[in-house]
Amino acid sequence: MRRSAPFRPQALRRHLSTLLLACAATLALAAPPASARGRDALGADDVAWLRRDGFGLDSASVARYRELGRDRYLDAQLDDKLGDELPPAIDQLIRGYEVVSTPPDQLIASYQAEQERIKDMPDGDAKVEARKALQQRGNGLLQEAQQAALLRAVYGSNQLKEQMVWFWLNHFSIYGAKGRVRWVAARFAEESIRPHALGKFKDLVMATLKSPAMLEYLDNAQNAKGHVNENYARELMELHTLGVGSGYTQQDVQQLALVLTGVGIAPPADKQRINPKMASLYVRDGLFEFNPMRHDFDDKQLLGQRIKGSGFDEVEKAVDLITRQPACAKFIATKLARYFVADEPPPGLVDKMARTFQRSDGDIAKVLRTMLEAKEFTADSGKKFKDPMQFVVSSVRLAYDGRPVVNARPLLNWLNQLGEPIYGRLTPDGWPLDAAGWASSGQMAKRFEIARAIGTGNNRLFVPEGSNGVAPGFPMLTTRLYYDAIDPHLSVATRDALGKAASQQEWNTFLLSSPDFNYR
């Protein structure tokens with residue numbers, strides 16, 4: 001990614017402070033009374049830890065943290081004992097999405113059947129309209145998948161797991177607008193990422209490898225003996241596991257591509273043809289298939305190791321070999337620390353995390369524990385800039401504090417405005433993890449407008465989609481949560497600006513657009 005100028009965090013903080021103070025310069029309302037402060041305000045280190053552990057503070061996470069203490073709270077998160085429970089209204093909203101309620105094989109079958117019908121239509125306006133309608137249906141399914149991911153991030157009971165789902169969705173990035181990806185993107189999150197977000201890394205890699213969304217996006221569905229496609233093999237090594245410059249060669253990419261021949265998306269049952277002599281080697285799991293008739297059974301040489309040509313177990317052996325490389329441990333540890341801790345993470349912390357990765361055979365939960373229990377995790381609190389997803393989700397979590405929305409489209413629109421749509425990255429490298437990717441003046445102006453929409457209640461989050469109903473009004477951010485966990489730790493500049501707000505709506509806007517809130 002090109003940078004027009006070196007990134008300077010101090011300049012960004014000054015820019016944010018100037019924007020906030022300029023908006024407040026003519027205002028003159030005193031801040032809410034300090035008498036509302038709770039008696040057991042959290043310490044600065046507790047707040048810093050919670051703000052990085054999850055997408056942002058809300059009453060439920062703070063209460064659970066107080067009840068269990070940090071150690072037991074972390075245990076419950078890493079052991080996935082908090083579950084994936086959602087408020088009933090949110091669960092009902094997500095289940096109402098067609099992309100969630102309809103099995104993916106049915107969605108793909110209907111898509112392919114409609115493609116065939118359109119193909120047989122005579123040229124003319126009717127054919128053009130039919131193609132447009134199919135495109136619009138696919139776009140609608142993709143939007144539902146995006147909204148479901150956002151709602152889970154806002155309301156998920158295990159906020160560490162929700163952050164990891166977003167991290168892995170970005171790490172194993174797919175582009176929703178390509179081909180059939182939009183029809184199965186929701187299943188990528190729910191079936192490939194979520195169940196393995198805190199498990200073994202090699203299991204996560206295998207789950208994404210078997211995902212029809214990944215196979216479609218990186219073209220392995222077309223990878224067959226005699227017609228080898230190296231796209232997925234290259235990205236599997238470069239972006240998913242080992243990283244650039246980690247020692248693998250172009251020959252390794254070519255050999256891995258041969259290992260992956262025959263790995264693809266199953267055709268409709270009535271078009272499946274398997275030689276009876278190879279039927280025992282055929283593998284089918286939902287829409288995933290390993291077709292031995294398309295596989296190169298020659299022996300391969302990958303990363304200095306011989307892999308005997310035998311079928312699908314070649315794929316499992318290759319993934320096991322790749323994920324056990326020291327370069328893989330270092331690559332994943334670095335990315336995790338960059339996401340949670342600092343744009344340039346402390347080398348000592350990265351090394352500790354990498355050692356845990358290797359000792360535990362890539363146990364993600366154990367690597368996270370090493371990071372979350374390290375003193376470096378909160379040493380530079382308030383200096384890690386939020387990406388757009390973190391900003392939008394944390395704003396809604398704080399402003400509405402568990403109140404279930406009935407219309408997720410504004411959430412999706414805000415994320416699109418900030419330039420980080422879920423499943424929207426055209427290239428497979430994922431969205432930037434550092435502040436330089438999101439710190440332009442245009443980005444900050446858009447954040448201020450979104451803060452205003454949330455802080456003034458000028459949004460449609462609580463009005464059913466398609467309804468002409470009136471929005472219920474602005475949120476009250478001056479709550480017990482604010483006085484216990486936010487107010488004691490605000491900077492002087494933000495506190496002064498808040499003190500000049502002329503109304504609760506402006507006060508809300510200034511808090512959500514402040515430097516304190518945009519960093520974590």
Side-chain angles (χ1 to χ4, degrees), residues 1-21 44 47-57 150 153 159-160 162-164 166-167 169-171 334-346 349-350 371-372 376-399 414-422 424-425 429-451 454 486 489-491 493-494 497 509-520:
M1 179 177 62
R2 293 183 178 177
R3 300 182 183 180
S4 57
F7 173 66
R8 297 181 176 89
Q10 296 85 356
L12 177 58
R13 288 193 182 89
R14 288 197 298 270
H15 175 79
L16 283 164
S17 298
T18 301
L19 175 63
L20 186 61
L21 291 168
V47 172
W49 193 90
L50 279 169
R51 288 179 67 184
R52 289 187 171 180
D53 170 79
F55 269 114
L57 301 177
L150 272 164
Q159 277 291 293
L160 177 58
E162 296 305 328
Q163 280 216 92
M164 289 307 301
W166 168 239
F167 174 86
L169 280 176
N170 193 50
H171 180 80
T334 301
K335 285 198 70 172
L336 283 168
R338 181 170 292 132
Y339 176 81
F340 280 96
V341 181
D343 291 354
E344 298 297 333
L349 175 62
V350 171
M371 178 185 69
L372 285 153
E376 295 96 332
F377 185 66
T378 56
D380 287 326
S381 62
K383 296 182 180 179
K384 179 62 183 170
F385 193 64
K386 294 179 181 178
D387 69 18
M389 179 75 165
Q390 293 164 342
F391 172 72
V392 169
V393 173
S394 62
S395 296
V396 174
R397 281 176 59 78
L398 179 62
W414 292 333
L415 205 55
N416 291 345
Q417 290 170 30
L418 293 175
E420 195 181 34
I422 300 172
R425 179 75 166 180
D429 53 346
W431 298 111
L433 297 180
D434 59 353
W438 308 111
S440 68
S441 57
Q443 171 84 190
M444 301 321 304
K446 289 175 182 175
R447 290 193 183 206
F448 187 85
E449 291 306 313
I450 292 169
I454 295 172
I486 299 174
H489 314 294
L490 290 178
S491 66
T494 296
T509 302
F510 296 160
L511 178 65
L512 296 177
S513 61
S514 68
D516 296 61
F517 192 80
N518 275 267
Y519 285 86
R520 63 191 185 109

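- No side-chain donor from either of T378 and S381 sits under 3.5 Å from a side-chain acceptor of the other.
- Smallest separation of non-hydrogen atoms from A153 and E162: N-OE1, 3.9 Å.
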- Task: Determine, stepwise, if the pair V393 / W166 fulfils side chain to side chain contact (heavy atoms under 4.5 Å, CB included).
- Result: CA-CA 11 Å; V393 173; W166 168 239; over 6 Å; no
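- At a threshold of 4.5 Å between non-hydrogen side-chain atoms, the residues E449 and Q417 do not count as touching.
- You'll find the side chain of F340 reaches within 4.5 Å of the side chain of M164, heavy atoms only.
- Across all non-hydrogen atoms, the minimal contact from A497 to F510 is O-CD1, 4.1 Å.
- Rounded to the nearest 0.5 Å, atoms CD (E344) and CZ (R338) are 6.0 Å apart.
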- Task: Apply side chain to side chain contact (heavy atoms under 4.5 Å, CB included) to the pair Q163 and R52, showing each step before the final yes or no.
- Result: CA-CA 9 Å; Q163 280 216 92; R52 289 187 171 180; 5.7 Å; no
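- Counting only distance, with no hydrogens or angles, the side chain of R51 and the backbone of G56 share no donor-acceptor pair below 3.5 Å.
- Looking at heavy atoms from C-beta onward, W438 lies out of side-chain contact with F391 at the 4.5 angstrom threshold.
- With contacts defined as side-chain heavy-atom distances shorter than 4.5 Å, the pair R397/L57 does not qualify.
- Evaluated for a side chain to side chain contact (heavy atoms under 4.5 Å, CB included) with S514, the options D516, N518, L512 yield exactly one hit, D516.
- For the atom pair OG1 (T334) and CG (L349), the distance works out to 9.5 Å, reported to the nearest 0.5 Å.
- In this structure, F385 and Y519 have perpendicular ring planes: the angle between them is above 60°, well past the 30° mark.
- In this structure, K386 is not positioned above the aromatic face of F55 in the sense of NZ or CZ being under 6.0 Å from the six-membered ring centre and within 45° of the axis.
- What you find for L418 and K446 is that their closest heavy atoms are CD2-CB, 3.7 Å.
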- Take V341 and K384, measure what side chain to side chain contact (heavy atoms under 4.5 Å, CB included) needs, and give me the verdict at the end. CA-CA 7 Å; V341 181; K384 179 62 183 170; over 6 Å; no
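- For the atom pair D380 CG and D343 CG, the distance stands at 11.0 Å (nearest 0.5 Å).
- Checked against ring-ring contact (aromatic ring centres under 6.0 Å, His included), Y339 has the following partners two or more places apart in sequence or in another chain: F167.
- Contact check for D387 versus N170: no side-chain heavy atoms found under the 4.5 Å cut-off.
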- Task: Evaluate the side chain to side chain contact (heavy atoms under 4.5 Å, CB included) criterion for residues I422 and M389: first the C-alpha distance (whole Å), next the side-chain angles of each, then the deciding distance (0.1 Å), finally the verdict.
- Result: CA-CA 9 Å; I422 300 172; M389 179 75 165; 4.1 Å; yes
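- Using the six-membered ring where Trp is involved, F377 and W49 have ring planes that are perpendicular, over 60° apart on the 30 and 60° scheme.
- Distance CD/Q159 to CG/D53: 8.0 Å, rounded to 0.5 Å.
- Side-chain contact between P432 and R425: present, with at least one pair of heavy atoms (C-beta onward) separated by less than 4.5 Å.
- With a 4.5 Å cut-off on side-chain heavy atoms, V396 and L150 do not count as touching.
- In this structure the side chain of P388 reaches within 4.5 angstrom of the side chain of R447, judged on heavy atoms.
- Atom-to-atom distance recorded for L511:CG and I454:CD1 is 11.5 Å, nearest 0.5 angstrom.
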